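What you are looking at is a predicted structure, and each value in this text was computed from that prediction instead of being measured. Excluded from the calculations below are hydrogen atoms, water molecules and symmetry mates; all remaining heavy atoms, backbone and side chain alike, are included.
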Amino acid sequence: MTVLALEIGPTRFAAIEVVDDVGVEDIRQIPMPANRAWDRCRELLLEVAAGAEVARVGVASAGPIDMAAGVVAPPQVAEWSAGFPLRDKIKSVFPSAVVQVALDGACQALAERNFGALRECQDALTITVTDSIAGGVTLGGFSVVGRTGNAGHIGHVLVPGFDDRCVCGGTGCLEAVASGASILRWARARGWSGDSLEDVIGAAEAGEEVPAEALRRAGTALGRAISSVAALLDIDVVVINGPLATAGNNLWKPMNSEMATHARLSYLPGLRVVPSQVGDVATLAGAGVMALALSA
């Protein structure tokens, strides 16, 4: 029986069949569709299933979600932003399948726990920075999902010292300062002309001041947010995924400096931040782990 993993956003739809010898080359993906999102998602799933009977599907979606209802409302998919019954739609395509929807951050935490930096760690936080920020919490070796499935939304932790406007409608959220889209927007508002977060990182490494300052701001915000969450959850490892994992000293130095300043409680001396060992496939890999654990 075939097992599938599906990733929804924030920049793509991606799917893969979960088998022992699966590789990156087996991932099928499309850019985030501007319209007909469900039609494109359905086509992608059918392509990966290739006519086989599907028994289980694990779905990792950008939030917000309603895990119990199988409803997703990622802001990157305008047609779904009010809530889309993705689980029921998938079951209409694969009627005999068991389908589970979870937050992308929770799936990223599962991937790091099974394949990456958290294999020997029971209590941790994962943060993935792309255009937005996703987070996943692991406590006692288990992924924490919360009442509605949205636990881990560290992108909307408030960061002291910042009042940038956030897409959620508030101000001062971590995502408003340290997401890829926010970093790029801040730099471009100050006359810099690059086109992507990777461009920001490259220009900062080349010594350009505006991109370097954009990364320093993000590192400062990340360090403050991590310090607060670590104190709340009593964790000892934070995993950073996405392009910022390799952003260098412009980001990592202020982040570590803020943690040294603020994470000072007696149970936090071992707190450390490490880059992901799983990389871009973490969301899809975690959805696959979840799918394999489902009872068919």
Side-chain angles (χ1 to χ4, degrees), residues 9-10 61-65 67 73-76 102-109 112 118 123-139 143-183 185-186 197 214-245 247 251-252 254-265 267-268 271-276 282-283:
S61 176
I65 68 168
M67 190 173 184
Q76 298 87 357
L103 193 68
D104 51 1
C107 290
Q108 291 153 12
E112 294 292 346
L118 303 182
D123 305 288
L125 172 69
T126 62
I127 302 173
T128 298
V129 181
T130 53
D131 281 351
S132 57
I133 294 180
V137 177
T138 301
L139 295 178
S143 290
V144 177
V145 297
R147 179 178 59 86
T148 62
N150 290 288
H153 249 100
I154 190 173
H156 298 283
V157 167
L158 297 181
V159 183
F162 295 94
D163 61 0
D164 303 55
R165 175 68 64 179
C166 183
V167 294
C168 74
T171 57
C173 297
L174 176 63
E175 186 167 304
V177 182
S179 70
S182 297
I183 292 169
R185 182 169 54 249
W186 189 92
L197 179 57
L215 291 178
R216 288 193 290 266
R217 292 179 83 249
T220 297
L222 279 164
R224 291 176 185 174
I226 288 169
S227 297
S228 294
V229 173
L232 175 67
L233 298 180
D234 193 11
I235 58 175
D236 57 0
V237 178
V238 178
V239 179
I240 301 288
N241 202 345
L244 293 191
L251 180 122
W252 283 75
M255 179 173 64
N256 286 324
S257 176
E258 290 296 321
M259 289 169 55
T261 299
H262 298 293
R264 301 178 66 87
L265 292 168
Y267 56 88
L268 295 177
L271 179 64
R272 64 192 189 281
V273 182
V274 299
S276 171
T283 306

Rounded to the nearest 0.5 Å, what separation is found between the [atom1] atom of [X] and the [atom2] atom of [Y]?
X: Ser228; Y: Leu174; atom1: OG; atom2: CG; result: 10.5 Å
X: Cys107; Y: Glu112; atom1: SG; atom2: CD; result: 12.5 Å
X: Leu268; Y: Ser227; atom1: CG; atom2: OG; result: 8.0 Å

- State which residues pass side-chain contact (heavy atoms from CB on, under 4.5 Å) with Thr220; sequence neighbours excluded, sorted by chain then number. Phe162, Arg224, Pro254, Glu258
Check side-chain hydrogen bond (donor to acceptor under 3.5 Å, both in side chains) between [X] and all other residues, then give those that pass, not counting sequence neighbours.
X: Thr126; result: none
X: Ser182; result: Ser179, Arg185
X: Asp131; result: none

Would you give me the side-chain donor-acceptor pairs under 3.5 Å for residues 164-171, sequence neighbours excluded?
{"unit_1": "Asp164", "atom_1": "OD1", "unit_2": "Arg217", "atom_2": "NH2", "d": "3.2"}
{"unit_1": "Asp164", "atom_1": "OD2", "unit_2": "Arg217", "atom_2": "NH2", "d": "3.2"}
{"unit_1": "Arg165", "atom_1": "NH1", "unit_2": "Gly169", "atom_2": "O", "d": "2.7"}

- Item | Least distance between heavy atoms, Ile65 atom then Asn150 atom |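 Looking at all heavy atoms of both residues, the closest pair is O-ND2, 2.7 Å.
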- Message: Which heavy atom of Ile183 sits nearest to which heavy atom of Ala178, and what is that distance?
- Response: CD1-O, 3.5 Å
Under 3.5 Å, side-chain donor or acceptor atoms of residues 229-243 against the rest of the protein: list the pairs with distances, not counting sequence neighbours.
{"unit_1": "Asn241", "atom_1": "ND2", "unit_2": "Ser276", "atom_2": "OG", "d": "3.4"}
{"unit_1": "Asn241", "atom_1": "ND2", "unit_2": "Gly279", "atom_2": "O", "d": "2.9"}

- Message: Given 3.5 Å as the limit, does a donor-acceptor pair link the side chain of Trp252 with the main chain of Gly219, or not?
- Response: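 A pair under 3.5 Å: no.
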- Query: Judged by atom type as modelled, is there a donor-acceptor pair below 3.5 Å linking the side chain of His156 to the main-chain atoms of His153?
  - Reply: no
